[in-house]
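Presented below is the structure to which this report refers.
No hydrogens, no waters, no symmetry mates; every other heavy atom, side chains included, goes into these values.
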Amino acid sequence: MLIDLDVETASERKVRDAQDRFETSDLAFHQRVRDGYLAMAERYGDAWCVVDGSGSEDEVVELVESRVATLAWSNV
């Protein structure tokens, strides 16, 4: 499951006191990481579920739960 969100919004949402190397990297780095994950999701689409992460926390949780439920029922 990939929760996709543009890097600018993700940067605004991240925990401000996080000081590890990944969290303090510039937006260009985060864009490359996002692009890489989206490319993998496109290439191996059957194995990936991409969810729009731009909504509120509750909206994203609802989308994830819905997709998981759909996947669970499709395997019964």
Side-chain angles (χ1 to χ4, degrees):
M1 177 112 10
L2 173 62
I3 300 174
D4 182 39
L5 183 62
D6 68 87
V7 295
E8 291 83 8
T9 303
S11 177
E12 293 168 5
R13 291 184 180 182
K14 74 181 177 183
V15 177
R16 294 292 174 211
D17 59 353
Q19 294 300 315
D20 64 28
R21 189 174 78 189
F22 183 78
E23 293 296 333
T24 58
S25 298
D26 64 14
L27 291 180
F29 167 79
H30 289 282
Q31 186 64 55
R32 289 190 305 274
V33 170
R34 178 182 184 224
D35 291 344
Y37 276 105
L38 290 172
M40 285 188 290
E42 184 175 333
R43 183 172 182 186
Y44 304 105
D46 292 344
W48 288 74
C49 177
V50 180
V51 173
D52 180 3
S54 64
S56 70
E57 183 177 347
D58 289 338
E59 291 169 332
V60 174
V61 166
E62 185 176 320
L63 286 171
V64 169
E65 288 175 344
S66 174
R67 295 301 294 269
V68 168
T70 301
L71 294 170
W73 281 109
S74 69
N75 291 322
V76 172

List in chain and number order the residues that pass side chain to side chain contact (heavy atoms under 4.5 Å, CB included) with [X], two or more places apart in sequence or in another chain; answer none if no residue qualifies.
X   : result
A28 : D26, R32
V64 : M1, I3, V51, V60, V68
D4  : R34, L38, V50

Hydrophobic cluster partners of L5 (side-chain heavy atoms under 4.5 Å):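 Joined to L5, directly or through intermediates: none.
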Could you list the cluster mates of V61? Members are the ILVMFWY residues connected by side-chain heavy atoms closer than 4.5 Å, either directly or through other members.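 Via sub-4.5 Å side-chain contacts, V61 links to none.
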With Y37, which residues qualify under ring pair (Phe, Tyr, Trp, His ring centres under 6.0 Å), at least two apart?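 Checked Y37 against ring pair (Phe, Tyr, Trp, His ring centres under 6.0 Å); zero matches.
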So if you build clusters from Ile, Leu, Val, Met, Phe, Trp, Tyr with side-chain heavy-atom gaps below 4.5 Å, do L2 and V33 land together?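 In one cluster with L2: V33, yes.
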Set of residues satisfying side chain to side chain donor-acceptor pair (under 3.5 Å) with respect to T9, sequence neighbours excluded: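 T9: side chain to side chain donor-acceptor pair (under 3.5 Å) contacts with D6.
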Set of residues satisfying side chain to side chain donor-acceptor pair (under 3.5 Å) with respect to Q31, sequence neighbours excluded: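 Q31 satisfies side chain to side chain donor-acceptor pair (under 3.5 Å) with D35 once adjacent residues are dropped.
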Qualifying salt bridge (charged side-chain N to carboxylate O under 4.0 Å, His left out) pairs with a residue from residues 43-67, counting only residues at least two apart or across chains: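 Matches after skipping sequence neighbours: none remain.
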H30 and S25: CA distance, side-chain angles, deciding distance, side chain to side chain contact (heavy atoms under 4.5 Å, CB included) verdict: CA-CA 7 Å; H30 289 282; S25 298; 3.9 Å; yes
